[in-house]
Amino acid sequence: MNILVTGGLGFIGSHTVIELVKNAHEVIIVDSLVNSKIEVLDRLHEITGVKPTFYQIDVTDEAKVEEIFLTHKIDGVIHFAGLKAVGESVSKPIAYYYNNLVSTMVLSKMCLKHGIGKFVFSSSATVYGDQPSPLKEEMALQKTTNPYGETKAISERILTDVSQANDGFAVSLLRYFNPVGAHESGLIGEDPNGIPNNLMPFVTKVAKGKLTRLSVFGNDYETADGTGVRDYIHVMDLAEGHVKAIENLSKGVNVYNLGTGTGVSVLELVNAFMKVNNVDVPYEIVGRRPGDIAICFADPEKAEQELGWKATRSVEDMVRDAWKFEVDNS
Ligand code: NAD
Ligand code: WQD
């Protein structure tokens, strides 16, 4: 297939491009570079042997997006492009609602106009709110605690309505849990601007000595060691999930959790990182971070049954590959 990948130079998009190329798909990447670097394109070339077609375009710009739909024969769209910093979304709600919703509307509108019937969307486990894990796709969505999360819930609704109104428009809503790690080559990985918000990139920077110590946000949750529990998933497993999702897309709206099904605490992750990589990560326990929940992990059964996809990489693989990327690129 010829697949348009929005946000294809970002963390998850770039890893997915590798898997798409590996599975003989042609990839057209669009990315505004608002949160990524052009060097990633060369790295993708180095890893895959193919230099993907690339356009530096903001996908909220309908006229520019339409030019791409007119230039290329596109079979499907995987829409990663979005702003994703939870805290920033609280201080800049308009930027988040505008970027994340207008992009989804422009792309789905162009798909309808140009007869493209396959759309895969990056959603998030955050749409479940605070409900007991394991989280299942059929659970009712809950209001999230921040505008970023709302953009995911609203995008899911927009795409559901568009699909219900248009028979030939099939959608896959992929709810990611906590993507971490990097491609095993160490050439691409998670490279956030400034001080990372997420746990794994913060840990790699502390281990490297670029940040003094990790703050562990709370050890008084109702979990085995008191720290928050999440479903960390290797980004290459997630990338493989996207290939399965677009290749096996059924009619209508399809919702899938992409997680491992296993909860791992903050301290378990940090200890695994230190042990596997033989490096120290100084940390201190501080108060809870507002908006955090105690436990969040997936029931990944549906994706296995319907897509034939299952995460196979371990926590050890995740911490090893995240560290290799940090070491090789600093
Ligand atoms: P990322 O920031 O690394 O990648 C997003 C890419 O989209 C960036 O390259 C950015 O430059 C680009 N982009 C943003 N707005 C754009 C626009 N209007 N036009 C064109 N390009 C634009 O983020 P990521 O971690 O790779 O996340 C990809 C998607 O998955 C996002 O939609 C994110 O919300 C979602 N998601 C991420 C996580 C996570 O923890 N990383 C979890 C759940 C869902
Ligand atoms: C993981 C755990 C923290 C940083 C976020 C978004 C979610 C999704 C994934 C996009 C928690 C703890 C963290 C630190 C810590 N993104 N932590 N010290 O909050 O589960 O999910 O990213 O869709 O929508 O909300 O991920 O990596 O920030 O935190 O102790 O410096 O690590 O409290 O328990 P989170 P995270």
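Worth saying up front: this structure is predicted, and the values here are computed from it rather than measured. Every number for a ligand or one of its atoms is a count from 1 in the order of the listing.
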| task | State if Tyr232 counts as touching ligand 2 under the rule of any non-hydrogen atom under 4.0 Å. | result | yes
| query | Are Arg175 and Tyr256 in a cation-pi contact, defined as NZ or CZ under 6.0 Å from the six-membered ring centre and within 45° of the axis? | reply | no
| task | Please write down residue, atom name and distance for the protein heavy atom closest to atom 25 (O) of ligand 1. | result | Lys84 NZ, 2.8 Å
| note | In ligand 2, the atoms that come under 4.0 Å of a heavy atom of Gly228 are 34 (O)
| In ligand 2, which numbered atoms sit nearer than 4.0 Å to a non-hydrogen atom of Val216? | 30 (O)
| message | Regarding Asp321 and Lys324, does a basic nitrogen lie under 4.0 Å from an acidic carboxylate oxygen? | response | no
| field | Close approach, Lys84 and ligand 2, non-hydrogen under 4.0 angstrom | value | no
| message | For atom 5 (C) of ligand 1, what's the nearest protein heavy-atom neighbour? Residue, atom name and distance, please. | response | Gly82 O, 3.9 Å
| note | for atom 17 (N) of ligand 2, nearest protein heavy atom and its distance come out as Phe217 CD1, 3.6 Å
| task | Provide the number and element of each atom of ligand 2 under 4.0 Å from a heavy atom of Val86. | result | 6 (C), 25 (O)
| field | ligand 2 contact on Pro179 by region, counting heavy-atom pairs under 4.0 Å | value | neither
| query | Which residue owns the protein heavy atom closest to atom 28 (C) of ligand 1, what's the atom, and how far is it? | reply | Phe80 O, 3.5 Å
| query | Considering only the protein, which heavy-atom contact is closest to atom 9 (O) of ligand 1, and what is its distance? | reply | Asp31 OD2, 2.6 Å
| query | Of the backbone atoms (N, CA, C, O) and the side-chain heavy atoms from C-beta on, which set of Val229 has a member under 4.0 Å from an atom of ligand 2: side chain, backbone, both, or neither? | reply | neither
| note | Among Ser122, Ser32, Ser123, Ala85, closest by heavy atom to atom 22 (C) of ligand 1 is Ser32
| query | Which option out of Val266, Leu269, Ile293 puts a heavy atom nearest to atom 12 (C) of ligand 2? | reply | Val266
| query | In Å and rounded to the nearest 0.5 Å, what is the CG to OG1 distance from Leu238 to Thr16? | reply | 6.0 Å
| query | Could a heavy atom of Tyr148 be found less than 4.0 Å from some atom of ligand 2? | reply | yes
